[in-house]
Amino acid sequence: MNWLLVHLDTLRESVTRLVRQPVASALNVIVIGIALSLPAGFYLGLSNLQTFSRQLSSDPQLSIFMAIDAGAVEVAAVGHRLKSNPQISRVEFITRDQALARLKRSAGLSDVLVNLGRNPLPDAFVVTALSNDPATLEALHDQARQWPEVEHVQVDAEWARRLDAALNVGRMLVILLAVLLAVALVAVTFNTIRLQILTRHDEIEVSKLIGATNPFIRRPFLYFGALQGLAGGLAAWMIVASAILVLNVQLADLSGLYGTLFKLEWPDLSYTMILLALSAALGWLGAWLSVSRHLWQMAPQ
């Protein structure tokens with residue numbers, strides 16, 4: 001019980017010191033908030049982009065063209081394999097005659113096609129996969145190519161590979177940016193705590209002379225650093241939320257032009273908790289490094 005009271009008293013003291021210097025505290029919190037909002041915002045933007053791309057390409061397809069001389073038995077066998085595949089959601093069979101009729105309507109080549117001696121188009125299956133993952137589409141492509149009487153398989157997976165590669169590059173950039181700005185956050189907290197230590201240097205020395213332990217001396221500074229980091233995390237969340245609010249207004253007009261609905265999703269609870277926990281942990285780390293360095297310098301040589 002006494003341990004809890006000591007920590008609560010230290011927390012109250014840290015909050016008081018944070019509020020006692022409103023201008024300096026606000027500036028530090030704003031700097032931390034801006035630094036954290038950049039990687040947090042980019043990460044949320046990538047997540048929204050990935051979700052939108054899946055909605056935009058919700059029906060990944062591949063076309064399976066049978067050989068011209070394929071018989072009804074071979075065509076039925078391929079159709080049965082496709083319908084029994086758990087990775088496929090829908091199978092559409094297009095006969096040679098249907099394909100020729102569609103070509104006449106869409107290409108405006110009816111006069112040319114009428115003069116053909118025979119229908120040059122094969123029977124085909126248009127397959128809709130459950131997942132737009134490039135690896136899944138490629139696996140279906142490789143399987144279908146091995147089946148008897150299958151002449152050609154066309155899969156539209158290039159866009160998926162490119163999008164996947166672009167998102168991976170974006171994630172790596174976000175990680176690098178997050179690491180750099182996390183170092184900056186630690187440096188800001190380190191410098192803030194160092195200034196506080198310098199103003200309380202005599203108090204710390206007297207405390208050590210009467211037997212205060214290093215953990216006891218560190219505790220208020222660690223709480224102060226964690227609180228400052230937590231406040232910076234809240235500021236970062238507010239910056240990201242404000243940006244989403246403004247961008248969604250503009251995206252509403254853009255979505256209307258393309259006949260689709262796209263808006264940025266708000267940060268969910270897990271995203272918010274991770275952001276706040278990381279910001280508090282980085283503030284704590286900066287304070288710990290600053291106090292530990294000072295205590296090491298004060299240690300008798």
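Position 1 is the first residue of the sequence; numbering continues from there. Source: prediction; values computed, not measured.
Side-chain heavy atoms closer than 4.5 Å link hydrophobic residues (I, L, V, M, F, W, Y) into clusters, and following such links, possibly through other members, connects L140 to V75. L285 and V183 sit in two unconnected hydrophobic clusters of ILVMFWY residues. Membership requires side-chain heavy atoms under 4.5 Å apart, directly or through other members. Following chains of ILVMFWY side-chain contacts shorter than 4.5 Å, one can reach W284 starting from I32, so the two form part of one hydrophobic cluster. There is no path of hydrophobic side-chain contacts, each under 4.5 Å, that joins L234 to V29. Linking Ile, Leu, Val, Met, Phe, Trp and Tyr residues whenever their side-chain heavy atoms come within less than 4.5 Å places L38 and V240 in a single cluster.
For the pair I244 and L44, the minimum side-chain heavy-atom distance is below 4.5 Å. Looking at W147 and E74, their side chains never come closer than 4.5 Å, going by heavy atoms from C-beta outward. The shortest side-chain heavy-atom distance between I94 and D123 does not fall under the 4.5 Å cut-off. Looking at heavy atoms from C-beta onward, I64 lies out of side-chain contact with F93 at the 4.5 angstrom threshold. Q143 has its side chain out of reach of H141: every pair of non-hydrogen atoms, C-beta onward, lies at least 4.5 Å apart.
Looking at every heavy atom in both residues, L36 comes nearest to A236 through CB-CB, 3.6 Å. When all heavy atoms of R96 and P122 are compared, the closest pair comes out as CG-C, 3.4 Å. The nearest pair of heavy atoms linking A40 to Y271 is O-OH, 2.7 Å. Closest approach of L282 and V186 over heavy atoms only: O-CG2, 3.8 Å. Residues L185 and G283 approach most closely at CD2-N, 3.7 Å, considering heavy atoms. When all heavy atoms are compared, the tightest approach of A144 to V153 is CB-CG2, 3.8 Å.
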What's the verdict on side-chain contact (heavy atoms from CB on, under 4.5 Å) for F125 and M66, showing C-alpha distance, side-chain angles and the deciding distance? CA-CA 8 Å; F125 292 92; M66 303 298 297; 4.1 Å; yes

As a quick check of understanding, evaluate side-chain contact (heavy atoms from CB on, under 4.5 Å) for L245 and V249, giving each step before the final call. CA-CA 7 Å; L245 185 63; V249 174; 5.6 Å; no

Before giving the answer on side-chain contact (heavy atoms from CB on, under 4.5 Å), spell out for E92 and T128 the whole-Å C-alpha distance, their side-chain angles and the decisive distance to 0.1 Å. CA-CA 8 Å; E92 180 186 3; T128 302; over 6 Å; no

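Below 30°, between 30° and 60°, or above 60°: for W237 and W266 the angle between ring planes is between 30° and 60°, a tilted geometry.
A search for ring-ring contact (aromatic ring centres under 6.0 Å, His included) contacts involving Y43 returns nothing, not counting sequence neighbours. With sequence neighbours left out, the side-chain contact (heavy atoms from CB on, under 4.5 Å) criterion links S242 to no other residue.
Put simply, CG on L275 and OG on S270 are 11.0 Å apart, with the number rounded to the nearest 0.5 Å. Taken from CH2 in W288 to CG in L222, the straight-line distance is 9.5 Å, to the nearest 0.5 Å. One finds the CE atom of M238 at 12.0 Å from the OG atom of S37 (value rounded to the nearest 0.5 Å). Expressed to the nearest 0.5 Å, how far CG of D69 lies from CD of E151 amounts to 8.5 Å. If you take CZ on R293 and OG on S290, they are separated by 7.5 Å, rounding to the nearest 0.5 Å.
In this structure, S279 contributes its side chain and G232 its backbone to no donor-acceptor pair below 3.5 Å. Between the Q98 side chain and the T95 main chain, a donor and an acceptor come within less than 3.5 Å of each other. Looking only at distances, no side-chain donor or acceptor of Q228 sits under 3.5 Å from a matching main-chain atom of G225. At distances below 3.5 Å, not a single donor-acceptor pair connects side-chain atoms of S292 with backbone N or O atoms of L289.
The 12-atom threshold is not exceeded at CZ of F42, counting heavy atoms of other residues, nucleotides or ligands nearer than 6.0 Å.
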Taking distance alone, no hydrogens or angles, what donor-acceptor pairs closer than 3.5 Å link side-chain atoms of residues 171-180 to residues at least two apart or in another chain?
| from | atom 1 | to | atom 2 | distance (Å) |
| --- | --- | --- | --- | --- |
| R171 | NH1 | N168 | OD1 | 2.8 |
| R171 | NH2 | Q50 | OE1 | 3.1 |

